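Here is the structure we will look at, set down as structure tokens.
Quick note on labels: first sequence line is chain A, next is B, and so on, each numbered from 1. Remember, predicted model here, so these are calculated numbers, not experimental data. The figures that follow rest on heavy atoms only: side chains count, while hydrogens, waters and symmetry mates do not.
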Number of protein chains: 2
Amino acid sequence: MSTTPQATPRRATITDVAREAGTGKTSISRYLNGEMSVLSPELRARIEAAIARLDYQPNQMARGLKRGRNRLIGMLLADLTNPYTVEVLQGVEAACHALGLMPLICHAANEVEMERRYLQLLTTYRVEGVIVNALGVREETLRPVGGGGIPAVLVDRSVDGLVADMVGLDNRAAAELGTRHLLDNGFDDIWFVVQPFEQVSSRQLREAAFREAMSAQSDPGGKNAARGHTLVLNLADAVDVERSLAELDRAIDAAAHTRDAAATGNAARVALFAANAPVALCLALHLKARYGADWQARVALLSIDDPEWAELTGVTTIRQPTYEIGYRAVEFLHERIEGVQTTARDCLLPGELIVRASTLR
Amino acid sequence: MSTTPQATPRRATITDVAREAGTGKTSISRYLNGEMSVLSPELRARIEAAIARLDYQPNQMARGLKRGRNRLIGMLLADLTNPYTVEVLQGVEAACHALGLMPLICHAANEVEMERRYLQLLTTYRVEGVIVNALGVREETLRPVGGGGIPAVLVDRSVDGLVADMVGLDNRAAAELGTRHLLDNGFDDIWFVVQPFEQVSSRQLREAAFREAMSAQSDPGGKNAARGHTLVLNLADAVDVERSLAELDRAIDAAAHTRDAAATGNAARVALFAANAPVALCLALHLKARYGADWQARVALLSIDDPEWAELTGVTTIRQPTYEIGYRAVEFLHERIEGVQTTARDCLLPGELIVRASTLR
DNA sequence: CTGTTAGCGCCTTCAC
DNA sequence: GTGAAGGCGCTAACAG
């Protein structure tokens, strides 16, 4: 046995098989496409044998070129580091499997330039459609898809000016659910922490819904009303993160002060509402570094997204129906590929509140 | 503005561009391939204009078909749920970017059947090479790659009977490093917890190295020697997990007993050495459920892999050079694609011990 | 410098 | 039933 990986020998083509089976290419093609009814059992057997002997496998590139469709769809991911993305992907894969599609996964790793390049690439490979979890910057980058380009379905976030189906979390309902949970549990200093949200629709919606829910208290602004704040955390900028966390620290310390002074049950209790898992992780790491292992005694943490460490640390979360989001996205796309022409649809799926120790006092 | 995503209009072909520019296909092709020197500035300008006007983008399928190479490589992943995988992927992507390759990511999601299907698919798409983080079951499934098939590079684990380059962690050194750390910190009841390892080379090596390191104590088996155990945790089988964890519980309780009885400093101290992050997570979740939030006071946990929650929970880890593993894998593969014919190579990269509170007493 | 010609591997009429 | 011929979009000799 050789220990040297060999160079690839030329693969057999349909012509080789035809020769080997002593017939024409047409019959081979028919065999490949399952048109068995028009093949004599005898010929069929010969073809089968020839294919096996040559270890023949049809070249999909060539087939795609000829037929004009290749059953390929693109899956453009903003950030695989986010567990959300991986979970959505599982739904996508399952649906593709079921519908006979093959997803080409492209990971932009939060870089706009990458997103652009991959989109270009998917286009030149003539994928039949694209599922886009866009970075969200601007419509511009997404020029080739949606509208006049190849069919597209947006996941998690819509993009201004881009007409396409979209599926994701019901952000308004989710943020409201979380906010109400915190209010119901008596927190009176609530910080909604979110990455820069001007460009990302889902973040916008969550933040807006948070503020509305805060305003919907029985006596907003009143003496017993909880106070809401929005804090922007730009995870891509260490300096900015530093600054924002410092602001948070001051607020937490101030609340503790109140508590010490009052020494009663009606001290200020602060809760952090993270707009997604990456933010929640950043917050948790910081709090742990600052207050030690029992940081949760000082601050409550609630997060949209339900990362694997949430259960471990007892953090309350709002779990997104990630698998279904991915699955539905593919279904939508498939319909578009098959020619459905309805107006752009939105599919908003509900999140599920998972209450853990963190927000129970 | 319409709100209905339109159907894809037919894309322009090279012939269209030639007609539009009033020239032949050859010149267009030359332009596309950057052979500017043989094009008059005037013709070149006309081509440029025509391409822009038609929004032409060359069809990669056709190019690939013609040239016989498509710059595509397959990346077969066993489990994207494992943070390790995502990190390796980042290295792969960076390297591909640098080398002008395009990775087709395929996620087997721990299903052998998926692995087989994707491999088949990659083959029929004539990718130029494959990077395989195999499920590891048997050489059989991997028939199409390595050896006589398309060039392949294995990641993390080798597969019996499959001759191919491989890159991964130096498992022996890593397991030894971890074991020694635990011994040095005075743990005397050490459990190496690992998924079924008969089929997966990296797990085998880690387990073997653990046992060896235990035997290498100054007085193995002696009165003051630490005792080592191997526990198999089949994460795919809930019942089995239950059973294994129960065994662990008994051991931990027994150790506690010893401690209570002795009521001195020389009581049995137990440490868990998880062979990878999924195992570590399973253990941590169980321990937390059983002993509450301060489970770490009862048991120490050390894990190969450094998931994001490790820092948060203070678990000691051995971090793999994941990014570099991915990067090197692509480099190896690229060399093979370019025709390098050396014997199969192994590239073992060192892990880094990250000491956290969990294993310090 | 530029265009013509012949395929790459496969599918699809259209005859036999 | 079966096969020959033409073409999908592109590239790579060849001629001019």
Side-chain angles (χ1 to χ4, degrees), chain A residues 8-48 50-51 54-72 121 123-128 150, chain B residues 8-48 50-51 54-72 121 123-128 150:
Chain A
T8 312
R10 202 182 67 76
R11 299 228 54 140
T13 76
I14 201 174
T15 309
D16 299 329
V17 179
R19 192 183 328 107
E20 180 81 12
T23 178
K25 299 197 290 180
T26 314
S27 297
I28 311 299
S29 177
R30 289 200 177 110
Y31 176 86
L32 295 178
N33 294 295
E35 300 172 38
M36 299 310 185
S37 52
V38 287
L39 289 177
S40 66
E42 194 272 333
L43 213 209
R44 183 171 155 184
R46 262 157 52 214
I47 293 179
E48 233 145 36
I51 287 181
L54 298 177
D55 187 27
Y56 168 72
Q57 295 189 275
N59 182 330
Q60 294 293 10
M61 293 287 180
R63 303 181 98 172
L65 180 59
K66 184 68 201 171
R67 309 205 248 231
R69 58 178 354 202
N70 50 25
R71 311 279 67 190
L72 255 29
L121 198 123
T123 301
T124 62
Y125 270 102
R126 299 291 188 271
V127 295
E128 298 183 34
I150 47 182
Chain B
T8 312
R10 200 183 68 78
R11 299 230 53 143
T13 77
I14 201 173
T15 309
D16 299 327
V17 179
R19 192 183 328 105
E20 180 81 11
T23 178
K25 299 196 292 180
T26 313
S27 297
I28 311 298
S29 176
R30 289 197 176 111
Y31 176 87
L32 294 177
N33 292 295
E35 300 171 37
M36 298 311 183
S37 54
V38 289
L39 289 177
S40 66
E42 195 272 334
L43 212 206
R44 183 170 155 186
R46 262 158 52 212
I47 294 178
E48 232 145 38
I51 288 181
L54 299 177
D55 188 27
Y56 168 70
Q57 294 189 277
N59 182 329
Q60 294 292 12
M61 294 286 180
R63 303 181 97 173
L65 179 58
K66 183 67 200 172
R67 308 206 249 234
R69 56 175 2 200
N70 50 25
R71 311 279 64 192
L72 254 31
L121 198 122
T123 301
T124 61
Y125 270 102
R126 299 292 188 270
V127 296
E128 298 184 33
I150 47 182

Review point. Who passes salt bridge (charged side-chain N to carboxylate O under 4.0 Å, His left out) against B/R46, sequence neighbours left out?
Key: B/E42

Point to revise | Residues that B/R69 engages under salt bridge (charged side-chain N to carboxylate O under 4.0 Å, His left out), provided they are two or more places apart | key: B/E128, B/E338

If you look only at distance, which donor and acceptor atoms sit under 3.5 Å apart when one is on a side chain in residues 21-28 of chain B and the other is two or more places apart or in another chain?
none

Looking for any heavy atom pair under 4.0 Å, which part of the strands does [X] touch: base, sugar-phosphate only, or nothing?
| X | result |
| --- | --- |
| B/Y31 | nothing |
| B/L43 | sugar-phosphate |
| B/I28 | nothing |
| B/S37 | sugar-phosphate |

Provide, to the nearest angstrom, the distance between the [atom1] atom belonging to [X] and the [atom2] atom belonging to [N].
| X | N | atom1 | atom2 | result |
| --- | --- | --- | --- | --- |
| A/R46 | D/dT2 | CZ | C1' | 11 Å |
| A/R63 | D/dG9 | CZ | P | 18 Å |
| B/L54 | D/dG9 | CG | P | 14 Å |
| B/Q57 | D/dG9 | CD | P | 15 Å |
| A/N70 | D/dG9 | CG | C1' | 14 Å |
| A/L65 | D/dG7 | CG | C1' | 9 Å |

Point to revise | Heavy-atom closest pair, residues A/L32 and A/P58 | key: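 Taking every non-hydrogen atom into account, CD1-CB, 4.1 Å.
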
Practice item. For A/E48 and A/Y31, work out which heavy atoms get closest and say how close. Key: OE2-OH, 2.8 Å

Mind checking what makes side chain to side chain donor-acceptor pair (under 3.5 Å) contact with [X], not counting sequence neighbours?
| X | answer |
| --- | --- |
| B/R44 | none |
| A/S29 | A/N33 |
| A/E20 | A/R53 |
| B/E35 | none |

Exercise for review: Could you list the residues that satisfy side-chain contact (heavy atoms from CB on, under 4.5 Å) with B/L65, not counting sequence neighbours?
Suggested key: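 With neighbours one apart ignored, the set is A/N59, A/A62, A/L65.
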
Practice item. Would you please name every residue forming a side-chain contact (heavy atoms from CB on, under 4.5 Å) with B/D55, sequence neighbours left out? Key: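 In terms of side-chain contact (heavy atoms from CB on, under 4.5 Å), with neighbours along the sequence ignored, B/D55 is linked to B/R11.
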
Exercise for review: Please give the angle, rounded to 10 degrees, between the axes at the start and the end of the helix from C/dC1-D/dG16 to C/dC16-D/dG1, where five pairs define each axis.
Suggested key: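 End axes: 40° apart.
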
Look for any protein N or O under 3.5 Å of an N or O in nucleotides 12-14 of chain D and output each such pair with its distance, or none.
from, atom 1, to, atom 2, distance (Å)
D/dA12, N6, B/T26, OG1, 3.2

Check your understanding: More 5' along DNA chain C: B/V38 or A/L32, using each one's nearest nucleotide?
Key ->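 Checking each residue's closest nucleotide, the 5'-ward one belongs to B/V38.
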
Revision key, fill the gap. So the contacted stretch of DNA chain C, first to last nucleotide with an atom under 4.0 Å from a non-hydrogen atom of chain B, runs from C/dC1 to C/dG9

